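This one's a predicted model, so the numbers in the text were calculated from it and none came from an experiment. Chain identifiers are assigned alphabetically (A, B, ...) following the order of the sequence lines, protein sequences preceding nucleic acid strands; residue numbering begins at 1 within each chain. Worth knowing before you read on, the calculation uses all heavy atoms, side chains too, and leaves out hydrogens, waters and symmetry mates.
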2 protein chains.
Amino acid sequence: MLRLTKKADYGLMALKYLAEHPDAASVSAKDIADTYGIPPQLLAKVLQRLTKVGLLRSHAGMNGGYELSRAARTISAFEVIHAIDGPLFITSCTKGSKSCELEPNCTVKEPLERVNESIAGVLRSISIYDLVDHETAAARASGLQQLVSLSHAM
Amino acid sequence: MLRLTKKADYGLMALKYLAEHPDAASVSAKDIADTYGIPPQLLAKVLQRLTKVGLLRSHAGMNGGYELSRAARTISAFEVIHAIDGPLFITSCTKGSKSCELEPNCTVKEPLERVNESIAGVLRSISIYDLVDHETAAARASGLQQLVSLSHAM
DNA sequence: TGAAAGAGGACTGATCGAGTCGGAGTTTGT
DNA sequence: ACAAACTCCGACTCGATCAGTCCTCTTTCA
């Protein structure tokens, strides 16, 4: 599976939308929800979480809404996903600080954590800005792909 | 989240165990389950699936069990995970051939699919053999990490 | 022939994601 | 001042999926 939740998707979509409309002083959750066909209240929660983490600034009241607190280039996909879905662990045993102590023989965990770090590195290298500008994102991703392939001959 | 299922974990652990015991003609599911404290019947299903895919060979009857059908170096973590958890999609909308047609505006999907390919590349570069030999796996993973970091200055 | 192993379908319980509801607090336009 | 348009937040339901179990059948070998 290895997929991220819809909430994380929504969060990325919303940030992308905000990055595309830097002129707008403030965009409401409803605006974004209507644009993408997302359940408004669900998107609202996502945006609230992103606000709490500090990626967004909110304005209550009429004509209120959200705006990016930082430049789109400096916000990585990793930050967004981490804020919404929590810390990502590829191993199912590692749940926060509590590791699977029932299986001390689980030597598989360590190398997989390295893999986990690699994946986090990929996500860290993608910014919200990259989502807007398709060509650079595509070039960067395929570049990463080549680097990965080069490091090991399958 | 972005985590793989316990079944996939069990599968990797089992393959690692088999790679560590190449001398044994055949190892039963119960042996592996006892070693790691895994529910035997659950592990059995995982091994059956891996057999069906062709990663393992099975021998029924007394003193029966499983053995790797290929060298551990030629079996990637990606194959194992794919066999057990199915195709991995980082985007939650892309479910097999049926994409989310409700949201044609979902322009986030395309760049994320690139990310998906990068992650698949990382998993493809890790073999079962790497799980046994910790040092090379660690070196490789950190190597990938460096390459990723170099390609983009955060 | 019987014990030990794999193969596999059916089923249950638990967990978690997706989405909804309702209400409370805040700002702003008029 | 008032109401509209927002954000904010907790609780709740529903459904899917995962984890694990049970039972039966087949195969193999001593």
Side-chain angles (χ1 to χ4, degrees), chain A residues 1-11 13-14 18 24-34 36-53 56-67 81 84-86 88-89 91-93 95-96 100 102-103, chain B residues 1-11 13-14 18 24-34 36-53 55-67 69 81 84-86 88-89 91-93 95-96 100 102-103:
Chain A
M1 285 294 177
L2 196 70
R3 67 178 210 276
L4 43 89
T5 63
K6 278 193 177 181
K7 289 182 184 177
D9 265 354
Y10 295 160
M13 291 163 72
L18 289 173
S26 182
V27 180
S28 74
K30 191 173 180 302
D31 289 339
I32 304 176
D34 288 346
Y36 293 114
I38 300 174
Q41 294 181 333
L42 186 54
L43 179 63
K45 285 197 162 185
V46 172
L47 296 180
Q48 285 163 25
R49 187 158 211 126
L50 292 176
T51 303
K52 205 169 188 179
V53 171
L56 294 178
R57 268 197 298 267
S58 63
H59 295 287
M62 274 186 74
N63 298 326
Y66 297 90
E67 62 178 337
I81 295 172
I84 299 174
D85 284 351
L88 56 88
F89 290 118
T91 50
S92 59
C93 22
K95 292 176 182 175
C100 53
L102 295 177
E103 310 162 18
Chain B
M1 285 294 175
L2 196 71
R3 69 178 209 278
L4 43 88
T5 63
K6 278 192 178 181
K7 288 183 185 178
D9 266 354
Y10 295 159
M13 291 163 73
L18 290 173
S26 182
V27 180
S28 73
K30 190 173 182 301
D31 291 340
I32 304 175
D34 287 347
Y36 293 114
I38 302 174
Q41 294 181 333
L42 186 55
L43 178 63
K45 287 201 160 184
V46 172
L47 295 181
Q48 285 166 23
R49 190 163 209 121
L50 293 176
T51 302
K52 205 169 185 177
V53 171
L55 294 176
L56 294 178
R57 266 196 300 266
S58 64
H59 295 287
M62 275 188 75
N63 298 324
Y66 298 90
E67 61 177 339
S69 66
I81 296 170
I84 299 175
D85 284 352
L88 58 89
F89 290 117
T91 49
S92 59
C93 23
K95 293 175 180 174
C100 55
L102 294 177
E103 309 161 19

Rounded to whole Å, please give me the gap between [atom1] in [X] and [atom2] in [N].
{"X": "Y10(B)", "N": "dC18(D)", "atom1": "OH", "atom2": "P", "answer": "14 Å"}
{"X": "K45(B)", "N": "dG20(D)", "atom1": "NZ", "atom2": "C1'", "answer": "9 Å"}
{"X": "L50(A)", "N": "dC9(D)", "atom1": "CG", "atom2": "P", "answer": "13 Å"}
{"X": "L42(A)", "N": "dA11(D)", "atom1": "CG", "atom2": "P", "answer": "18 Å"}
{"X": "Y66(A)", "N": "dA5(D)", "atom1": "OH", "atom2": "P", "answer": "17 Å"}
{"X": "N63(A)", "N": "dA3(D)", "atom1": "CG", "atom2": "C1'", "answer": "14 Å"}
{"X": "Q48(B)", "N": "dC25(D)", "atom1": "CD", "atom2": "C1'", "answer": "12 Å"}
{"X": "I84(A)", "N": "dC16(C)", "atom1": "CD1", "atom2": "P", "answer": "18 Å"}

Are [X] and [Y] close enough that some pair of their side-chain heavy atoms sits under 4.5 Å apart?
{"X": "R57(A)", "Y": "T51(A)", "answer": "no"}
{"X": "Y66(A)", "Y": "L47(A)", "answer": "yes"}
{"X": "E67(B)", "Y": "L18(B)", "answer": "no"}

Going through the checks in order, is the side chain to side chain contact (heavy atoms under 4.5 Å, CB included) test met by Y10(B) and K45(B)?
CA-CA 10 Å; Y10(B) 295 159; K45(B) 287 201 160 184; over 6 Å; no
Nearest-nucleotide pick for [X], side chain only, options being [options]:
{"X": "K6(B)", "options": "dG6(C), dC21(C), dG20(D)", "result": "dG20(D)"}
{"X": "S28(A)", "options": "dG17(C), dG19(C), dC6(D)", "result": "dC6(D)"}
{"X": "P39(B)", "options": "dT20(C), dG17(C), dG20(D)", "result": "dG20(D)"}

Gap between atom CD1 of I84(B) and atom CG of L4(B) - 0.5 Å precision
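The CD1 atom of I84(B) is 9.0 Å from CG of L4(B), to the nearest 0.5 Å.
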Here's a test of your reading of the structure: between A8(A) and M62(A), which maps to the more 5' nucleotide of DNA chain C?
A8(A)
Report yes if a side-chain nitrogen or oxygen of S58(A) is closer than 4.0 Å to either non-bridging phosphate oxygen (OP1 or OP2) of dC6(D); otherwise report no.
no
Using a cut-off of 4.0 Å on non-hydrogen atoms, how would the nucleic acid contact of [X] be classed: base, sugar-phosphate, or nothing?
{"X": "K52(B)", "result": "nothing"}
{"X": "A44(B)", "result": "nothing"}
{"X": "K30(A)", "result": "nothing"}

